[in-house]
Structure formats: C-alpha cells, structure tokens
Amino acid sequence: MTILTTNTINAPSSKQKLWLAAIKPPMYSVAIIYVWVAAAVAWFETNHLNWTIFLTFVSASILILAWENLSNDVFDSETGIDKNKAHSIVNLTGNKSLIFWLGNLCLGLAILGMLLICWWQQDLTLMALVLLCCSLGYMYQGPPFRLGYQGLGEILAFLSFGPLGMSAAYYSQTQSWSVTNLAASIIVGLGTMLILFCSHFHQVKDDIAAGKRSPIVCLGTKRGAQLLPWICGSLFAATGGFVLMGLFPIWTLLTLVGLPFAIKLCRHVNAHYNQPEKVSNCKFIAVALHFWSGLLLGVGFVINLN
C-alpha cells in the first residue's frame, strides 16, 4: 500500500480524493442490488411490488452498510491495521469516538426504518432477519470476535448480502419464502464475496503485520489471482444452471452482459497481483461486475413478467 506523505495528504485536491476513497460511493451499490434482485423475484412470482416498502428497505440497507464501514474503520484503528491507510475515516478526522457514534446513529436510523416496515406488516420476522445480518456484520471486525481477521469475512459477506439479506428483502414484500429467491441469493452473495476477496490483494503486508489471515494472506496473491476466474465463472455458470433447472426465466441470462467486467477483473489482477499500487483498484472492477450482473439478473425477472 502506498504511504502518502503529510504534504500530499494536506493538499486540497488530494484531501478530496482521500475523502472519496474513504466514503467509497460505488460500494453502496452493494446495499441496493440484493434488495433489487429480491424485489424483482417477488414481482416475478406475485405480480406485485410495494414501492414504499422497497424504498424504505433500500434506505435502511444503505444506512446499515454505512454503519458497517464506519464501525469497521473504528475497529481497524484499534488493531493498527489501518496505520498506513491515509483514506481511513478515523485517520482523516482524528476523532475515533465521533466516527463510532456516527456509525451507531446510522444503525439506529436503519433499525427504525425496518421497524416501520414491521409495523406496516404487523410482523417482526423481518426484524429478526435484519438483526441477524447486523450481528454478522459486527462479528466481521468487532471485538471480541473479529472473524474477518480469521479469514471468515467472505463467508459473512456472502450470508449477509446473499441468502440472509435477500430472504429479508423478499420477505418484506411477500411475507413468505422462495426457492427461486434463495437461488438468486447465491449468485448475488458470490458477487459480494468477490468484492471483499479483491479488496485484500493490495494490503497483504499490513494484514500480516496486524495478524489478519485474509484469504489472500493464506493463499498468496498469485494463487488468489488464479482462483479469480473460477469465482467469476461460478456467477454465470450458476445463472445458466438455474435457467436449465427452470428456476429462472431465460431472460436472466442477460447477466452475461457482465462477462466483460469479469474478464477485465481477472486479466487486471493476473497482470498486477504482486504490485499493490496497481492492483488496489481491482475491487472497483469487482463492484462493477456485481452491479451490472445483479442489475440485469433482476431485469431478467421483470422482463419475463406476463
């Protein structure tokens, strides 16, 4: 990871870039896509979508992801893993307590939004699922668990933004469960897991120094790069498989439009896996892959509506 000098950090243009890197606007598509796909499946199966609930859920989901990002910065500052991370929000503000409580405010507002949906439906099942997802989000970096340091972050991301998160989003629309939604959640969850997997390539030295056994630390950057095509391929193979099984309409094969992003990601990481400053942007290519494949997966369910 490139360490910026004090003069560079204090430069106005660089300061803006650091704040953009800290806030990570593209990452918030992760909080939207799983809700969108679950809503599209609900529309496909029931011919109905409650837009008020959808928009409330999306807003709460964005706030939950903001809480996760802010609290993770706080927890990482306690382990020292972010000491060389110029775009850490804690490092930028110098106020860990402020960031901690700002994160908690986001979480509180998100829970209020979810409780509002529960009140509309007179059903607390959704709240139980959301709290479970939040618990997994906390255990990722929060003490005493810090499961992300044990290499389990990708599994937690898969569950939170895949099967559990999409079950909650689907339930908010239908107050029921769906095998098709569960199948779709595997694809969305894998895409989310891929983003986190790619975020480790450029920070191996800092992870090792802090005792974090990320998958890339365990595998090495070269083997991690070799694994990427298999993960990317599984997204498209699973979609095709579910179409053949009759779970998905054929229009969901629109996700193949995301294939160029998968190819770009694999080629980029394969070329630069041992160059942290060049490979650091690979997570944003993974975000683009996740966004377009998820968006078009949902579109495939909507187009098929009779």
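Position 1 is the first residue of the sequence; numbering continues from there.
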**Student:** Counting C-beta onward and ignoring hydrogens, is there a side-chain heavy-atom pair between Leu116 and Leu112 closer than 4.5 Å?
**Tutor:** no
**Student:** Once rounded to the nearest 0.5 Å, what's the spacing between atom CG of Asp123 and atom CD of Gln175?
**Tutor:** 5.0 Å
**Student:** Would the distance check show the side chain of Ser61 and the main-chain N or O of Val58 forming a donor-acceptor pair, the cut-off being under 3.5 Å?
**Tutor:** no
**Student:** Do Phe44 and Val302 touch side chain to side chain, with heavy atoms closer than 4.5 Å?
**Tutor:**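 Result no, sub-4.5 Å side-chain heavy-atom pair not found.
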**Student:** Do Lys96 and Ile99 have side chains that get closer than 4.5 Å, going by heavy atoms?
**Tutor:**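 In short, these two side chains do not touch, never coming nearer than 4.5 Å.
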**Student:** Is the side chain of Asn181 donor-acceptor paired with the backbone N or O of Val41 at a distance under 3.5 Å, no angle test?
**Tutor:** no
**Student:** Just jot down the ring-ring contact (aromatic ring centres under 6.0 Å, His included) partners of Phe54, sequence neighbours excluded, or say none.
**Tutor:**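 With sequence neighbours excluded, Phe54 shows a ring-ring contact (aromatic ring centres under 6.0 Å, His included) to Trp51, given in chain and number order.
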**Student:** Tell me, which pairs form a ring pair (Phe, Tyr, Trp, His ring centres under 6.0 Å) where one or both residues lie in residues 266-289, sequence neighbours left out?
**Tutor:** His268-His272
**Student:** For Ser71 and Glu68, indicate whether the former's side chain and the latter's backbone hold a donor-acceptor pair under 3.5 Å.
**Tutor:** yes
**Student:** Keeping to residues at least two apart or across chains, list the ring pair (Phe, Tyr, Trp, His ring centres under 6.0 Å) pairs with something in residues 147-184.
**Tutor:**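 Every ring pair (Phe, Tyr, Trp, His ring centres under 6.0 Å) pair that includes a residue of residues 147-184, provided the two are not neighbours, is Tyr34-Phe161, Tyr171-Trp177.
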**Student:** Taking all non-hydrogen atoms of both residues into account, name the closest pair between Trp67 and Gly137 and its distance.
**Tutor:** CH2-C, 4.4 Å
**Student:** Rounded to the nearest 0.5 Å, what's the gap from CD1 on Ile195 to CD1 on Ile285? Could you check?
**Tutor:**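 The distance works out to 12.0 Å.
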**Student:** Report yes if some heavy atom in the side chain of Leu196 is under 4.5 Å from a heavy atom in the side chain of Pro215; otherwise report no.
**Tutor:** no
**Student:** What I'd like to find out is whether the side chain of Ile111 reaches to under 4.5 Å of the side chain of Val130, using heavy atoms alone.
**Tutor:** no
**Student:** Can you list the residues that meet the ring-ring contact (aromatic ring centres under 6.0 Å, His included) rule with Phe291, with sequence neighbours excluded?
**Tutor:**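 ring-ring contact (aromatic ring centres under 6.0 Å, His included) list for Phe291, sorted by chain: empty.
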**Student:** Which residues pass the side-chain hydrogen bond (donor to acceptor under 3.5 Å, both in side chains) test with Thr174, sequence neighbours left out?
**Tutor:**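 Counting only residues at least two positions away or on another chain, Thr174 forms a side-chain hydrogen bond (donor to acceptor under 3.5 Å, both in side chains) with Ser176.
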**Student:** Test of understanding: with ring-ring contact (aromatic ring centres under 6.0 Å, His included), list the residues that count as partners of Phe100, not counting sequence neighbours.
**Tutor:**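 Residues passing ring-ring contact (aromatic ring centres under 6.0 Å, His included) with Phe100: none at all.
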**Student:** Might you point out which heavy atoms bring Leu296 and Val257 nearest each other, and give the distance in Å?
**Tutor:**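 Distance-wise, the nearest heavy atoms are CD1-CB, 3.4 Å.
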**Student:** Please check this pair: side chain of Glu154 against backbone of Leu194, looking for a donor-acceptor N/O pair closer than 3.5 Å.
**Tutor:**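 No, Glu154 side chain to Leu194 backbone: no donor-acceptor pair under 3.5 Å.
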**Student:** Looking at Phe248, Trp36, Trp43, which hits ring pair (Phe, Tyr, Trp, His ring centres under 6.0 Å) with Phe301?
**Tutor:**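 So, applying the ring pair (Phe, Tyr, Trp, His ring centres under 6.0 Å) to Phe301 and each of Phe248, Trp36, Trp43, only Phe248 qualifies.
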